[in-house]
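Structure, as structure tokens:
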Amino acid sequence: MENASKMPVTKIIHTIIGLVIMFSGHFLPNFSMVVLPDAKLAPLNLPAVDGGVLLSVTHTGMIVTLIFFGVIYLWTFVDTVWPGLLGIVALIFSGYAPAGKVFSMFLGNPMVVMIFFLLMLAAAIVYSNLAQWVARYLMSRPFVNGRPWVLTATILGTTFIVAFLDQVTSLFLMWSVLFTILEKAGFRKGDKYTSVMTVNIVIVALLSFSTDPFKGGAFYLLSNLHNLAASTGSAAVELNTAAYFAFALLISICVIILLLLMMKFVYRIDVSPLRKLDAASINEEPLPPMNLQQKLVLFDFLLYAAWLLVPAIIGKGNPVGAFLARNTLTGSILVVLILAVAMSKGKPVIDIMKSNKLYAWRVFLLIAVAFLLGGIMTGKGTNVALVMEYGLRDLLGGMNYTAICICVILIGIIFTNFCNSVVLGLVLSPVLLAVAASFGVDSAP
């Protein structure tokens, strides 16, 4: 009862702090820094100060930036729905643009439209229980019998694969599988294997989140880079989706192997109780065949994955690659259309109205608002991206290419602890692209 009475007070305090941040851009002085003049800054006619020029965030930039930071703070500590909506209202009343234009930028963004349809596919994946079927299938293979480390690797590998279908589902699903195995093997709460594997499942699900270029975090960031490449010219490079997927997949496999090696040689975990287990004892009920719903959803998922990967593999210099690359948005609508029209015995294979009860509205609103506010904040007329760019130039100046990459990774690791990682990526991407261009280094890595 004591904790319950304290929670509302904590939430109220965080709400007040978030609101203060959100509206303080109207009153705070514009953030400024002195930088060396160059050709990029010359057209801005910045005032000369102490042998350099004074680069400042504009008043509009301050307002939008603090609105965005306030929304991020409220997202982190209070709620993931209403702060984003409040941020849109605050943007409208800030005088940045009329309500109609703001809403057009909010829901008219092609990336937001694509995400809207892909989340319908994600809802159908959850509705069809496809992830559960795949997990049970992989965990019922006889090669795990009497092989503790093979069984452990299979648990982590299955988590990684199932997380491609749905990250959140994979956690609770694979924890359930793990706890069943622990109980049958005789492990107890607090045992090394129990504790380490519970954490490792989370790590592997997050690896999938950043590897999967078809939906989720990696998809949002890659799509944003493609959008930047189309709109901002040479500062942005359009990453090859297949190359990113291969690179991230290699990194993920190496990390999973490292987790297994640490369990064996660093933590020195006793896995001998797992020798008595076999696939039949893990899956007491026979695995039924994949049903029509699951087959349709799996086909849809693979179709869209192919739509994204084929142009990256065969290039855009041919009719097929050019068509698929030019119509990525059409692909997202097509997979939902297939779900809606597929019939069997006079009934829909997937009832879209029922499956969309599982639609991830919180995720959609968060990403849509992040695209809106992040895009405005780092866009023209704010100088925010310029200030961040020249600040990073000072920080990274004089470093070699490897040192720059390490610093960028550390910046990501540090700041993602304080805000949503996708939001951070959306904001930092255009800045890092500009920094790489100014240093004359390849921005793709």
Side-chain angles (χ1 to χ4, degrees), residues 111 114-115 118-119 121-122 125-126 130-131 134-135 138 152-175 197 199-226 237-262 297-298 300-313 328 331-332 335 360 363 366-367 370 405 408-413 416-417 420-426 428-429 432 443-445:
M111 291 310 309
M114 187 187 301
I115 291 166
L118 290 181
L119 287 178
L121 173 60
I125 290 174
V126 177
L130 175 61
V134 172
L138 294 174
T152 302
T154 302
I155 294 172
L156 298 181
T158 300
T159 302
F160 185 73
I161 293 171
V162 172
F164 271 79
L165 300 173
D166 185 68
Q167 281 85 27
V168 176
T169 298
S170 71
L171 280 179
F172 296 103
L173 177 63
M174 294 311 299
W175 273 336
M197 282 298 291
V199 175
N200 282 352
I201 283 175
V202 180
I203 294 173
V204 172
L206 290 172
L207 285 174
S208 180
F209 177 76
S210 56
T211 300
D212 180 0
F214 316 119
K215 58 184 182 57
F219 169 77
Y220 304 145
L221 296 179
L222 281 172
S223 300
N224 186 49
L225 283 174
H226 294 166
V237 57
E238 184 173 350
L239 287 181
N240 184 294
T241 302
Y244 174 88
F245 182 42
F247 176 77
L249 190 61
L250 176 63
I251 294 292
S252 297
I253 293 172
C254 290
V255 172
I256 292 173
I257 293 173
L258 179 62
L259 292 175
L260 292 168
L261 292 175
M262 290 181 66
V297 171
L298 181 60
D300 241 18
F301 178 78
L302 295 177
L303 172 65
Y304 189 69
W307 196 295
L308 292 180
L309 288 179
V310 167
I313 295 172
T328 305
S332 65
V335 293
V363 175
L366 187 148
I367 297 300
C405 290
V408 168
I409 291 169
L410 290 175
I411 289 170
I413 290 173
T416 196
N417 287 280
N420 182 280
S421 55
V422 175
V423 173
L424 177 68
L426 295 176
L428 278 182
S429 292
L432 292 174
S443 63

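What you see is a predicted model, and the numbers here were worked out from it, not measured in a lab.
Between L173 and A131, the closest heavy-atom pair is CD2-O, 3.5 Å. Considering every non-hydrogen atom in both S170 and A205, the closest pair reads OG-CB, 3.9 Å. Of all non-hydrogen atoms in A135 and T158, the two that sit nearest each other are CA-CG2, 3.7 Å. Nearest approach of I201 to T159, heavy atoms of both residues: O-CG2, 3.6 Å. Between I155 and M174, the closest heavy-atom pair is O-CE, 3.7 Å. Residues P213 and L222 come closest through the heavy atom pair CB-CD1, 3.7 Å.
The structure places CZ of F219 at 9.5 Å from CG of D212, a figure rounded to the nearest 0.5 Å. In this structure, the separation between CG on L206 and OG on S252 is 10.5 Å, given to the nearest 0.5 Å. For the atom pair CG (L119) and OG (S332), the distance works out to 10.5 Å, reported to the nearest 0.5 Å. Distance check, rounded to the nearest 0.5 Å: CD1 of I251 to OG1 of T211 gives 9.0 Å. The CD1 atom of I256 sits 9.5 Å away from the CG atom of N200 when rounded to the nearest 0.5 Å. Note that the OG atom of S208 and the CG atom of L249 stand 9.5 Å from one another [nearest 0.5 Å].
Paired with V204 under the rule side chain to side chain contact (heavy atoms under 4.5 Å, CB included), one option of L156, I161, V199 passes, and it is L156.
In this structure the side chain of L171 never reaches within 4.5 angstrom of the side chain of Q167, judged on heavy atoms. Using a 4.5 Å heavy-atom cutoff, the side chains of V423 and L366 are in contact. Between V422 and F209 the shortest side-chain heavy-atom distance falls below 4.5 Å. M111 is not listed as a side-chain neighbour of L426, based on a closest heavy-atom distance of 4.5 Å or more. At least one side-chain heavy atom of Y304 sits under 4.5 Å from a side-chain heavy atom of L118.
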Stepwise, does the side-chain contact (heavy atoms from CB on, under 4.5 Å) test hold for V363 with Y220?
CA-CA 11 Å; V363 175; Y220 304 145; 3.8 Å; yes
Stepwise side-chain contact (heavy atoms from CB on, under 4.5 Å) check, I411 with L428:
CA-CA 10 Å; I411 289 170; L428 278 182; 4.2 Å; yes
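The aromatic rings of F164 and F214 sit tilted, their planes meeting at an angle between 30° and 60°.
Y244 OH: more than 12 foreign heavy atoms inside a 6.0 Å radius.
Formation of a donor-acceptor pair under 3.5 Å by the S210 side chain with backbone atoms of L207 is found in this model.
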